[in-house]
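Every heavy atom of this structure was used, including side-chain atoms; hydrogens, water molecules and symmetry mates were not.
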Amino acid sequence: MVNINCDHVRREVSNYLEGDLDPALRAEIERHLEQCRHCAAEYDATRNIVVLLADERVFTLPAGFRQRLHARLERELKSLEK
């Protein structure tokens with residue numbers, strides 16, 4: 001049994017989504033996602049982004065969305081640098 005934490009799950013989320021993990025690690029990540037609401041929310045968000053990017057439909061974004069998104073990303077990046 002592999003003992004994993006939130007950082008490990010974040011590093012492996014893409015591999016998990018693609019099914020590119022050995023069965024033991026996949027099982028540990030699934031157990032972690034069942035118990036950790038934060039990681040489960042991050043996994044759901046990542047999966048939703050992948051689904052949206054694969055979708056061929058075009059969406060009209062609300063006015064100011066781009067600016068709000070960039071501002072939010074800048075705030076998040078600055079908070080990570082601290």
Side-chain angles (χ1 to χ4, degrees):
M1 181 189 298
V2 179
N3 190 7
I4 63 171
N5 60 29
C6 296
D7 289 332
H8 198 148
V9 171
R10 280 188 214 106
R11 284 192 306 269
E12 296 293 345
V13 73
S14 293
N15 293 327
Y16 179 80
L17 281 167
E18 294 172 5
D20 192 24
L21 294 174
D22 71 58
L25 181 55
R26 182 169 190 80
E28 283 299 312
I29 289 175
E30 287 171 356
R31 276 192 278 283
H32 184 87
L33 291 174
E34 290 172 359
Q35 298 171 4
C36 180
R37 290 186 338 201
H38 182 72
C39 285
E42 286 188 29
Y43 164 73
D44 287 339
T46 303
R47 186 188 67 227
N48 289 338
I49 290 169
V50 169
V51 168
L52 285 173
L53 290 174
D55 193 331
E56 295 178 2
R57 293 179 290 174
V58 176
F59 298 92
T60 303
L61 297 174
F65 178 83
R66 181 175 180 259
Q67 292 81 5
R68 289 191 305 274
L69 176 61
H70 280 269
R72 172 84 185 265
L73 290 173
E74 285 181 26
R75 285 193 308 273
E76 292 295 325
L77 286 173
K78 286 179 183 176
S79 72
L80 292 174
E81 293 172 352
K82 292 181 181 179

- Could you tell me whether E34 and R31 make a salt bridge, using a distance below 4.0 angstrom between a side-chain N and a carboxylate O? no
- Before giving the answer on side-chain contact (heavy atoms from CB on, under 4.5 Å), spell out for L53 and I49 the whole-Å C-alpha distance, their side-chain angles and the decisive distance to 0.1 Å. CA-CA 6 Å; L53 290 174; I49 290 169; 3.8 Å; yes
- Item | Validation row: L61, R66 side chains within 4.5 angstrom (heavy atoms) | no
- Only counting residues at least two apart or in another chain, list the ones meeting salt bridge (charged side-chain N to carboxylate O under 4.0 Å, His left out) with D22. none
- With sequence neighbours left out, write down each residue that passes salt bridge (charged side-chain N to carboxylate O under 4.0 Å, His left out) with R11, or none if nothing qualifies. none
- Query: Backbone N or O of H70 within a donor-acceptor pair of the R75 side chain at under 3.5 Å?
  - Reply: no
- In chain order, what residues pass the side chain to side chain donor-acceptor pair (under 3.5 Å) check against E76, with sequence neighbours excluded? R72
- Rounded distance (nearest 0.5 Å) linking atom NE2 of H32 with atom CG of L25: 11.5 Å
- Note on the structure: Hits for side chain to side chain contact (heavy atoms under 4.5 Å, CB included) against R37, two or more places apart or cross-chain, chain-then-number order -> none
- Message: Working to the nearest 0.5 angstrom, can you tell me the gap between L33 CG and D44 CG?
- Response: 8.5 Å
- Query: Hey, mind stepping through L17 and Y43 against side-chain contact (heavy atoms from CB on, under 4.5 Å) and telling me if it holds?
  - Reply: CA-CA 9 Å; L17 281 167; Y43 164 73; 3.3 Å; yes
- Query: Roughly how far, to the nearest 0.5 Å, is the OH atom of Y16 from the OG1 atom of T46?
  - Reply: 12.0 Å
- K78 side, atom NZ; L73 side, atom CG - distance, nearest 0.5 Å: 12.0 Å
- Item | Verdict with supporting geometry, E12 and N15, side chain to side chain donor-acceptor pair (under 3.5 Å) | CA-CA 5 Å; E12 296 293 345; N15 293 327; 2.9 Å; yes
- Joining Ile, Leu, Val, Met, Phe, Trp and Tyr whenever any side-chain heavy atoms lie under 4.5 Å apart, the cluster holding V51 also takes in none
- Message: Under the rule for side chain to side chain contact (heavy atoms under 4.5 Å, CB included), what residues qualify as partners of R10, not counting sequence neighbours?
- Response: C6, D7, H38, E42
- Task: Drop me the distance from I29's CD1 to H8's NE2, to the nearest 0.5 angstrom.
- Result: 6.0 Å
